[in-house]
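This one's a predicted model, so the numbers in the text were calculated from it and none came from an experiment.
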Amino acid sequence: QVQLVESGGGSVQAGGSLRLSCAASGYTFRYCMGWFRQAPGKEREGVVATGGGTTYVADSVKGRFTISQDNAKSTLYLQMNSLKPEDTAIYYCAASDWYCGLTNSGYDYWGQGTQVTVSS
């Protein structure tokens, strides 16, 4: 079965940057991969996703976050710039064989999450 493991989280000051990684094992083919996040007391929300030649970006991170992937390394990345305190959350990577977008129910595989904390 596909396994996804996130890394790269940490604590940064507002305005700083972080780069998250998601390493995949047992990979054959995935139509779409994306990043989601869940802040304390809030529901999980889609952040960015890419697949089928299309990239989806949440309004809250538009112009600040960028998704990319290295297929040779089976790794997904999330570059986060100009971080804000409201970006504080656990970040999850996910993969889907049939859907692409920012709805969490469309994804079949999930990582364990990595904590991102942005202080003011």
Side-chain angles (χ1 to χ4, degrees):
Q1 185 174 320
V2 173
Q3 302 289 325
L4 305 174
V5 180
E6 301 94 335
S7 62
S11 181
V12 298
Q13 201 166 60
S17 298
L18 281 174
R19 183 178 175 87
L20 306 183
S21 299
C22 174
S25 61
Y27 179 87
T28 56
F29 171 79
R30 300 291 171 255
Y31 169 64
C32 181
M33 298 193 72
W35 289 94
F36 293 74
R37 67 185 183 185
Q38 187 165 22
K42 293 187 175 182
E43 296 183 352
R44 186 175 299 184
E45 63 176 351
V47 181
V48 293
T50 186
T54 303
T55 300
Y56 306 84
V57 185
D59 290 341
S60 60
V61 305
K62 187 176 181 180
R64 301 188 298 119
F65 290 12
T66 303
I67 190 170
S68 62
Q69 56 188 342
D70 185 337
N71 290 331
K73 298 180 179 179
S74 299
T75 302
L76 182 75
Y77 301 98
L78 180 65
Q79 179 66 48
M80 305 185 295
N81 298 326
S82 302
L83 283 161
K84 305 175 181 179
E86 48 263 48
D87 295 320
T88 295
I90 300 174
Y91 283 72
Y92 302 87
C93 65
S96 176
D97 294 322
W98 63 277
Y99 166 85
C100 201
L102 301 178
T103 300
N104 59 23
S105 62
Y107 292 81
D108 306 300
Y109 310 102
W110 294 85
Q112 85 290 345
T114 186
Q115 177 71 48
V116 171
T117 302
V118 184
S119 62
S120 60

4.5 Å side-chain heavy-atom contact, [X] and [Y]:
X	Y	value
Met33	Tyr107	no
Trp35	Leu76	yes
Leu20	Met80	yes
Phe65	Val47	yes
Val12	Thr117	no

(request) Indicate whether any N or O donor in one side chain lies under 3.5 Å from an N or O acceptor in the other, for Thr75 and Asp70. (result) no

Can you give me the closest heavy-atom contact between [X] and [Y], atom names plus distance?
X	Y	answer
Arg37	Ala89	CB-CB, 3.8 Å
Gly101	Ala49	O-CB, 3.4 Å
Trp110	Asn104	CZ2-O, 3.3 Å
Gln112	Val5	OE1-CA, 3.4 Å

(request) Would you check if the side chain of Ser82 reaches a backbone N or O of Arg64 as a donor-acceptor pair within less than 3.5 Å? (result) no

(request) Could you tell me whether the side chain of Gln3 and the main chain of Gly26 form a donor-acceptor pair under 3.5 Å? (result) no

(request) May I ask you to say whether Asp108 pairs ionically with Arg30, meaning some side-chain N is under 4.0 Å from a carboxylate O? (result) no

